[in-house]
Amino acid sequence: MNVKKASSIQRVIKSSLRNNQPKAKFETSLKPPRANHTLKQYLQRNSFTRAIEFFRELLRQNPSAVDSYSLVFVLKACTRQSLIVEGQQGHATAKKLGFEPIIFLQTCLIDFYSATGNVDSAYCVFDEIHCKNAICWTSLITAYVDNDMPGKALDMFKKMLMTNLEPDQVTLTIALTACADLGALSMGEWIHSYICRENVLRDDLCLRNALVNMYVKCGDIDAAQTLFYSSSQKDVFTWTSMIVGHALHGQSLEALDLFAKMKQANGNIKGCKHLVVPNDVTFLGVLMACTHAGMVEEGKRQFKSMVQDYELRPRLPHLGCMVDLLCRAGLLEEAHDFISQMQVQPNAVVWRTLLGACSLHDNIEAGSTVRLQLHELEPTHVGDDVTLSNIYAAKGLWYEKTMLRCRIRSRRAPGCSSVEVGSEVNEFVAGDSHHPLKAQIYDVLVHLMGIIRSCNHMPET
DNA sequence: CCCCACAGCC
């Protein structure tokens, strides 16, 4: 097996060399520190492809100039650009040059595989590290969080603690993000108490921001607020987390009030060093607050301010939020016009918002048109047909509804599940608000969440 | 000369 593996590695390396057609001459007669300096500069200037080309050239003309640090830079370039093949070639080169035992290189590989969505490979790299430190553990936990597996991330965090390694502030920050994604309040509280016991950790702003966010996402807005006001140092993350927190909890006025305070705080500080400028995520929180409160005019005003006063280009989330704002107010036509005038191609989320509003306001004509748009973007998504069929149902168009339901049934898209109740099998599809089983299933989910939460206490060690 | 982190639309 090793022979086979080795020959495939050789092939990868050879192909990496064959692909090498540099557009410009590189200075390759360098010793490692000098060559690495050049690589680092390419990274700092975001010239990722240049960095990789330079590395290939080095490997061909002056292999002795390449060391483990050079590979760190190359792998970082691949990670930033999600260059799968190039990163795998880097992995192969690391093996060939005998850099396998070097832990910071393995950590880079974990990051690379995570960034390219290959969590299993990230785990394999981690698993082969003989003497694991807190940093490579953190990279693995981050890989699970970044790939939407917060439960796995927390499992790994617990495993790490059981090996008696001390988590550093970075480990705890990412573990708190996992808690936030999972709604694991008790685990989050446990981490909070851990932080309070360690003096060194208490002043870390990222960590405190992660705590605020964790409390927000786990529903304890009071704890989040207490932390927010007790911290003397606040950056744009601190403010944004709290503004979004209020918005998510339906406290729109509090969110807008806090946003005003944030801008005020800037005015009070003379030096530019501590200036906290709202960014596009902050504005997303503000727009969410307006949407939830149905404050159409305020939302439009803030959107305008974002573009004009802060020169932030609205991205799809902002546009989606604006569409939602208009839709909830029943301004379907204005919402449709807004989408048509957008500089950015609308995605399925934006159209789905409009479709939901059509359903809410029983607008068949617009609903069908929007459904067509959605079908082009996501042909397999069943939920949209369900929404449309609900419009038909609401209007008493039973034939249309039945026909549409038959089409859905024949497609059997993934993500559609069946629930057995007694002798009857009922289809349950996301977005089917009229389904009689929805309340029942919701109850089951709440019950399960309770069980999951109670399992999140630290295991006895 | 090196490796890990915080806020987001349905």
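No hydrogens, no waters, no symmetry mates; every other heavy atom, side chains included, goes into these values. Chain letters run A, B, ... following the sequence lines, proteins first, then strands; residues in each count from 1. Fair warning: this is a prediction, and the values are worked out from it, not measured in the lab.
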Starting at atom CE of A:M156, determine the distance to atom P of B:dC4, rounded to an integer number of angstrom.
-> 20 Å
What's the OH-P distance between A:Y42 and B:dC1, to the nearest Å?
-> 22 Å
Can you check the A:L75 CG to B:dC1 C1' distance for me, whole Å?
-> 16 Å
Contact class for A:N36 vs. all strands (heavy atom < 4.0 Å): base, sugar-phosphate, or nothing?
-> base
A:D257: salt bridge (charged side-chain N to carboxylate O under 4.0 Å, His left out) partners, not counting sequence neighbours | A:K261
Does a side-chain N or O from A:K76 land closer than 4.0 Å to OP1 or OP2 of B:dC4, or not?
-> yes
Hey, can you tell me if A:W239 and A:F228 have their rings parallel, tilted or perpendicular (30° and 60° cut-offs)?
-> perpendicular
Counting only side-chain N and O atoms of A:N209, is one of them less than 4.0 Å from OP1 or OP2 of B:dA7?
-> no
Nearest-angstrom distance from the residue atom CG of A:L211 to C1' of B:dA5 = 13 Å
Checking B:dC9, B:dC2, B:dC4 against the side chain of A:V349 (C-beta onward), the nearest is B:dC9
Does A:N133 use its side chain to pair, donor to acceptor, with the backbone of A:C136 at less than 3.5 Å?
-> yes
Separation of B:dC4 C1' from A:D146 CG (nearest whole Å) | 11 Å
Atom-to-atom span, CG of A:L105 to C1' of B:dC2 - whole angstrom | 9 Å
When you get a sec, tell me which of B:dA7, B:dA5, B:dC2 is the closest nucleotide to the side chain of A:T173?
-> B:dA5
Checking only heavy atoms, does the side chain of A:T138 share a donor-acceptor pair with the base of B:dC4 at less than 3.5 Å?
-> yes
Kindly indicate whether the side chain of A:N279 and the base of B:dA7 share any N or O donor-acceptor pair separated by less than 3.5 Å?
-> yes
Minimum-distance nucleotide (side-chain atoms of A:I174 versus B:dA7, B:dC4, B:dC6) | B:dC6
Would you indicate which nucleotide in B:dC3, B:dC10, B:dC9 comes nearest to any side-chain atom of A:M288?
-> B:dC9
Side chain of A:K40: nearest nucleotide among B:dC4, B:dC2, B:dA5?
-> B:dC2
Please determine, for the side chain of A:T107, which listed nucleotide (B:dA7, B:dC9, B:dC4) has the closest atom?
-> B:dC4
Between B:dC10, B:dA5, B:dC3, spot the one nearest the side chain of A:D204, thanks.
-> B:dA5
Is it true that A:K159 and A:D155 have a side-chain N and a carboxylate O under 4.0 angstrom from each other?
-> no
Shortest side-chain distance from A:T177, nucleotide among B:dA7, B:dC4, B:dC10 = B:dA7
Qualifying residues under salt bridge (charged side-chain N to carboxylate O under 4.0 Å, His left out), relative to A:R202, sequence neighbours excluded | none
Please report, rounded to the nearest Å, how far the P atom of B:dC3 is from the CG atom of A:D67.
-> 13 Å
What is the nucleic acid contact for A:V281, judged by heavy atoms within less than 4.0 Å: base, sugar-phosphate only, or nothing?
-> base
Separation of B:dC6 C1' from A:D235 CG (nearest whole Å) = 8 Å
A:T353 has a side chain; which of B:dC10, B:dC6, B:dC3 sits nearest to it?
-> B:dC10
Tell me whether A:F237 is stacked on the nucleobase of B:dC6, counting only the six-membered base ring and applying the 5.5 Å and 30° thresholds.
-> yes
A:F73 side-chain proximity, nearest of B:dC4, B:dC2, B:dC10 | B:dC2
With a 4.0 Å cut-off on heavy atoms, is A:D111 in touch with a base, just the backbone sugar-phosphate, or nothing at all?
-> sugar-phosphate
Is the distance between the ring centroids of A:Y113 and A:H91 less than 6.0 Å?
-> yes
